[in-house]
Number of protein chains: 2
Amino acid sequence: MSDDDSRLIDMPGHLIRRLQQIASALFLDQAKSFDFTPVQYAALVAIKNHAGLDQTTLCNVIALDRSTIGDVVGRLEKRGLISRTNGTTDRRTKALRVTAAGRRMIRDIEPAVMATQRLILAPLKANERVTFMQMLKHLVHLNNEHSRAPLRLHALQPNAGVRGRASTAQVVRPRRREATRR
Amino acid sequence: MSDDDSRLIDMPGHLIRRLQQIASALFLDQAKSFDFTPVQYAALVAIKNHAGLDQTTLCNVIALDRSTIGDVVGRLEKRGLISRTNGTTDRRTKALRVTAAGRRMIRDIEPAVMATQRLILAPLKANERVTFMQMLKHLVHLNNEHSRAPLRLHALQPNAGVRGRASTAQVVRPRRREATRR
DNA sequence: GTCAATTCATCAGCATACTGACGATATCGT
DNA sequence: ACGATATCGTCAGTATGCTGATGAATTGAC
């Protein structure tokens with residue numbers, strides 16, 4: 001391996017891409033018998049935690065782009081894991097709720113999800129794992145706004161929608177990257 | 001934010017996915033005027049470092065799946081950044097080489113790439129950055145085989161193909177995940 | 001040397017992701 | 001009340017990424 005190669009291969013961005021590929025492959029492998037993806041799992045759990053939330057709020061919770069969530073929840077609905085009903089107070093929205101089958105899926109897949117998280121960090125020693133997770137959280141938190149799909153938990157009220165009210169006032173969308181011409 | 005939310009949001013896999021989104025967004029933003037992606041950059045630099053290599057070897061160098069590389073090099077070729085000629089010793093392969101325009105692209109985009117790497121790690125303190133990069137390399141290296149596109153540098157000879165020979169004996173492909181039924 | 005096994009590039013199919021746009025609806029200022 | 005503005009879900013277009021398959025070509029066992 002030449003120096004030229006190391007310069008590319010050891011770039012933070014390059015290593016992060018590879019780690020994401022690895023984490024994703026481990027999840028798919030562990031959860032093979034469920035035919036389920038990391039994003040679908042995140043969406044399902046978030047919907048369970050906040051019954052009745054709308055799609056945009058769901059995006060804010062799991063840091064996913066709005067234009068991607070439609071397909072994801074569509075697949076969950078097709079498999080009968082969630083229900084999608086029109087919002088009552090805001091007729092633009094869809095209120096998402098986990099079905100009994102969805103709750104079962106969350107329960108059954110849990111061991112595979114936990115095993116995945118262990119496997120990802122397995123190469124590190126116990127104390128290193130703590131350090132790594134701290135820095136990872138720090139990096140993601142401080143860089144949050146650089147993503148198109150930043151985490152926005154303040155858009156959430158505890159148990160949003162459980163008593164009817166689905167979504168809520170939207171947070172201000174701060175400076176977006178200016179338009180790119182492609 | 002409830003405990004249920006933190007359990008999901010602080011999972012290693014979830015944080016890694018978000019960090020990858022952030023790193024990618026930072027790259028696209030910094031390299032906006034070049035209309036270039038991280039993967040295209042990795043491919044272009046690897047081709048420059050190993051003139052004449054074939055597509056499968058390129059996959060091994062930048063840890064990309066073989067079924068994806070065709071589109072990537074196709075785009076590079078369409079923009080005149082690389083040339084793709086049929087292999088001489090092995091007529092199944094395509095020998096890849098960077099053109100003058102490709103070399104110019106690498107030179108011109110370099111500041112944006114470097115800025116991206118700085119921005120990704122910016123939230124950490126200088127000594128933390130070193131620790132994080134060490135652990136990141138360790139995680140990727142030790143988990144390498146779990147990816148469908150593991151890094152395989154031993155498939156490379158110094159300056160492969162420069163004197164005619166394009167690719168080389170293929171390494172053994174160790175245990176693959178058994179077939180999944182979807 | 002011949003044939004079985006392997007490898008290369010590619011393909012169809014699916015899933016995640018981002019950009020920029022759209023019609024339908026809400027909200028806000030006045 | 002009403003018009004400007006913003007937001008919701010969706011869509012078309014593009015790019016990355018994986019699974020499993022294919023035809024063409026090579027390699028290896030014998």
Side-chain angles (χ1 to χ4, degrees), chain A residues 17-18 20-22 24-25 27-29 32 35-40 42-43 54-60 62-76 84 86-87 89-96 147-149 155 166-173 176-182, chain B residues 17-18 20-22 24-25 27-29 32 35-40 42-43 54-59 62-75 84 86-87 89-96 147-149 155 166-173 176-182:
Chain A
R17 179 178 68 83
R18 290 185 56 203
Q20 152 67 11
Q21 283 179 343
I22 288 164
S24 170
F27 186 104
L28 295 178
D29 194 37
K32 204 176 352 183
D35 191 26
F36 219 53
T37 70
V39 167
Q40 287 167 14
D54 64 282
Q55 295 187 183
T56 298
T57 307
L58 175 58
C59 287
N60 292 333
I62 64 176
L64 196 67
D65 191 90
R66 252 188 13 178
S67 64
T68 308
I69 201 69
D71 287 332
V72 176
V73 294
R75 275 171 222 118
L76 296 179
R84 204 149 48 139
N86 288 327
T89 51
D90 186 337
R91 302 208 312 281
R92 291 172 304 181
T93 64
K94 307 276 178 109
L96 309 174
S147 167
R148 170 160 173 188
S167 176
T168 70
Q170 187 55 14
V171 267
V172 280
R173 196 80 161 136
R176 195 62 290 170
R177 282 188 295 288
E178 54 275 34
T180 69
R181 57 232 153 290
R182 312 181 63 120
Chain B
R17 180 179 68 84
R18 290 185 55 203
Q20 151 68 10
Q21 284 176 341
I22 288 164
S24 170
F27 186 105
L28 294 178
D29 194 37
K32 203 174 353 183
D35 191 27
F36 219 55
T37 69
V39 167
Q40 287 167 14
D54 64 282
Q55 295 187 181
T56 298
T57 307
L58 175 58
C59 287
I62 64 176
L64 195 68
D65 192 272
R66 253 184 11 161
S67 63
T68 309
I69 200 69
D71 287 332
V72 175
V73 294
R75 274 170 223 121
R84 202 148 53 135
N86 288 329
T89 51
D90 186 337
R91 301 207 314 280
R92 290 171 304 180
T93 64
K94 307 278 178 107
L96 308 173
S147 168
R148 170 159 172 187
S167 176
T168 70
Q170 187 56 12
V171 268
V172 281
R173 195 84 159 131
R176 193 66 287 168
R177 279 188 298 287
E178 54 276 34
T180 69
R181 57 229 153 289
R182 312 182 61 119

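Proteins come first, then strands; the chains are lettered A, B, ... in the order of their sequence lines, and each starts at number 1.
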Given [options], which nucleotide is nearest the side-chain atoms of [X]?
X: B:R66; options: C:dC18, C:dC8, D:dG9; answer: C:dC8
X: A:T93; options: D:dT19, C:dA17, D:dC8; answer: D:dC8
X: B:R92; options: C:dT25, D:dT26, D:dG20; answer: D:dT26
X: A:T56; options: C:dT25, D:dC8, C:dC8; answer: D:dC8
X: B:D65; options: C:dA17, D:dA15, D:dT19; answer: D:dT19
X: B:K94; options: C:dA24, D:dG9, C:dT10; answer: C:dT10
X: A:D54; options: C:dC18, C:dT10, D:dG9; answer: D:dG9
X: A:S67; options: D:dA15, C:dC18, D:dC18; answer: C:dC18
X: B:T37; options: C:dA17, C:dA15, D:dA15; answer: D:dA15

> Considering residues at least two apart in sequence or located in another chain, which fulfil the side chain to side chain donor-acceptor pair (under 3.5 Å) criterion with A:R84?
Replying inline: A:Q55, A:E77
Taking the side chain as every heavy atom from C-beta outward, state whether [X] and [Y] have any atom pair closer than 4.5 Å.
X: A:K94; Y: A:N86; answer: yes
X: B:I69; Y: B:I62; answer: yes
X: B:T56; Y: B:T93; answer: no

Distance in angstrom units between [X] [atom1] and [N] [atom2], rounded:
X: B:Q21; N: D:dA15; atom1: CD; atom2: C1'; answer: 14 Å
X: B:N86; N: C:dA9; atom1: CG; atom2: P; answer: 10 Å
X: A:D29; N: D:dG17; atom1: CG; atom2: C1'; answer: 16 Å
X: B:Q40; N: C:dA17; atom1: CD; atom2: P; answer: 19 Å
X: A:K32; N: D:dC18; atom1: NZ; atom2: P; answer: 16 Å
X: B:D90; N: D:dT27; atom1: CG; atom2: P; answer: 6 Å
X: B:R18; N: C:dC18; atom1: CZ; atom2: C1'; answer: 16 Å
X: A:D71; N: C:dG13; atom1: CG; atom2: C1'; answer: 14 Å

> What do the steps show when you test B:R17 against A:V39 for side-chain contact (heavy atoms from CB on, under 4.5 Å), and what is the final call?
Replying inline: CA-CA 9 Å; B:R17 180 179 68 84; A:V39 167; 3.9 Å; yes
> More 5' along DNA chain D: B:V72 or A:T68, using each one's nearest nucleotide?
Replying inline: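 Its nearest nucleotide lies further toward 5', so the answer is A:T68.
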> Mapping A:G70 and A:R17 to their closest nucleotides on DNA chain D, which lands nearer the 5' end?
Replying inline: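 Here A:G70 is the residue nearer the 5' end.
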>> Quick check on D:dG9: is either OP1 or OP2 less than 4.0 Å from any side-chain nitrogen or oxygen of A:R91?
In response: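 False: A:R91 side-chain N/O out of range (4.0 Å or more) of D:dG9 OP1/OP2.
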> Does B:Q55 have a side-chain nitrogen or oxygen under 4.0 Å from the phosphate oxygens OP1 or OP2 of C:dT10?
Replying inline: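 Yes, B:Q55 has a side-chain N/O under 4.0 Å of OP1/OP2 on C:dT10.
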> Which distance, rounded to the nearest 0.5 Å, do you find between the CG of B:D90 and the CG of B:D54?
Replying inline: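 One gets 7.5 Å once the value is rounded to the nearest 0.5 Å.
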